[in-house]
Amino acid sequence: MRMISQAGSIIAMHMSIAHLAPWRKTIAAPMRALIGLLTCAMLLAWPARAPAADAGGGGAVEIRNGPTPGELELRAHGTVELAPELIVEEQRADGTFKRVQHLDRDTLRLVASCDRRPGTCVTIDEGGLRPVPWSGMSCSSQCNQRCDRNVPLHGRFRFVVMSCDGGTRFEGSVFELPEEP
């Protein structure tokens with residue numbers, strides 16, 4: 001008797017699943033679409049950060065491009081100690097980046113004016129820093145005004161700064177320097 005009861009339960013369960021099959025097919029495609037849309041929305045809303053965006057417990061650094069190519073502003077979420085060097089990288093045809101060498105006697109600096117020289121570290125906080133812009137030139141790039149072999153550069157570039165200990169890298173967005181006519 002017990003086996004008949006269990007068999008009846010299995011048949012009843014099978015029948016209820018069989019009755020759900022048409023409903024399951026009707027709802028499956030819209031559910032998959034909804035899950036796909038929610039996944040895309042979550043990915044788009046996820047904050048974009050540079051790799052390893054925490055510099056020794058200090059916070060994250062945001063590099064904002066200015067209205068003119070070569071201008072930038074650094075903002076920190078918290079207080080961050082950065083190395084004083086401002087790195088410029090050029091985007092290659094394959095999408096990778098390569099450091100631009102020999103700018104402004106080989107180093108652009110995180111300085112608000114050319115008459116100031118930074119120490120071994122530069123402190124950035126919520127107040128931010130607007131360094132002297134990169135001119136887009138190969139030699140008189142920032143503060144070096146004595147250059148007899150100056151060439152205007154063009155292409156796609158980004159700014160990069162490093163934490164003072166060199167362990168964290170912060171990358172800015174790509175900007176374009178158009179070729180001069």
**Student:** On a heavy-atom basis, which atom in M162 and which in G166 lie closest, and how many Å separate them?
**Tutor:** CE-O, 3.3 Å
**Student:** Please give the remaining members of the hydrophobic cluster of V151, linking ILVMFWY side chains under 4.5 Å, ordered by chain and number.
**Tutor:** none
**Student:** Given the rule that I, L, V, M, F, W and Y join up when any side-chain heavy atoms are under 4.5 Å apart, are F175 and V61 in one cluster?
**Tutor:** yes
**Student:** Find out if a path of hydrophobic residues (ILVMFWY) with successive side-chain heavy-atom gaps under 4.5 Å connects V174 to L74.
**Tutor:** no
**Student:** Starting from F157, can I reach I63 by hopping between I/L/V/M/F/W/Y residues whose side chains sit under 4.5 Å apart?
**Tutor:** yes
**Student:** Quick check: does any side chain N or O of Q142 sit under 3.5 Å from a backbone N or O of V132, one acting as donor and the other as acceptor?
**Tutor:** yes
**Student:** Among residues two or more places apart or on two chains, list those pairs meeting side-chain hydrogen bond (donor to acceptor under 3.5 Å, both in side chains) that have a residue in residues 125-141.
**Tutor:** S140-N150
**Student:** Are R109 and R117 packed together at the side-chain level, in the sense that at least one heavy-atom pair is separated by less than 4.5 angstrom?
**Tutor:** yes
**Student:** Using 0.5 Å steps for rounding, measure from the CZ atom of R75 to the CZ atom of R64.
**Tutor:** 5.5 Å
**Student:** Which atom pair, heavy atoms only, marks the closest approach of D165 to S163?
**Tutor:** OD1-OG, 2.5 Å
**Student:** Where is the tightest heavy-atom contact between V160 and E171, given as atom of each residue plus distance?
**Tutor:** CG2-CG, 4.2 Å
**Student:** Examine F159 and L153 and state if one hydrophobic cluster contains both, with Ile, Leu, Val, Met, Phe, Trp and Tyr joined whenever side-chain heavy atoms are less than 4.5 Å apart.
**Tutor:** yes
**Student:** Where is the tightest heavy-atom contact between P131 and L110, given as atom of each residue plus distance?
**Tutor:** CG-CD2, 4.0 Å
**Student:** Hey, are the side chains of L86 and L72 touching, using non-hydrogen atoms and a 4.5 Å cut-off?
**Tutor:** yes
**Student:** Assigning hydrophobic clusters by single linkage (Ile, Leu, Val, Met, Phe, Trp, Tyr; side-chain heavy-atom cutoff under 4.5 Å), is V161 placed with I87?
**Tutor:** no
**Student:** Picking from R169, R99, K98, what satisfies salt bridge (charged side-chain N to carboxylate O under 4.0 Å, His left out) with E89?
**Tutor:** R169
**Student:** Considering all heavy atoms of both residues, which atom of M137 and which atom of L103 are nearest to each other, and what is their separation?
**Tutor:** O-CD2, 3.8 Å
**Student:** Given side chains that start at C-beta, do those of H77 and E62 come closer than 4.5 Å, heavy atoms only?
**Tutor:** yes
**Student:** Is there side-chain contact between H154 and P69, with heavy atoms separated by less than 4.5 Å?
**Tutor:** no
**Student:** Give me the atom names and distance for the closest heavy-atom approach of P118 to V122.
**Tutor:** CB-CG2, 3.8 Å
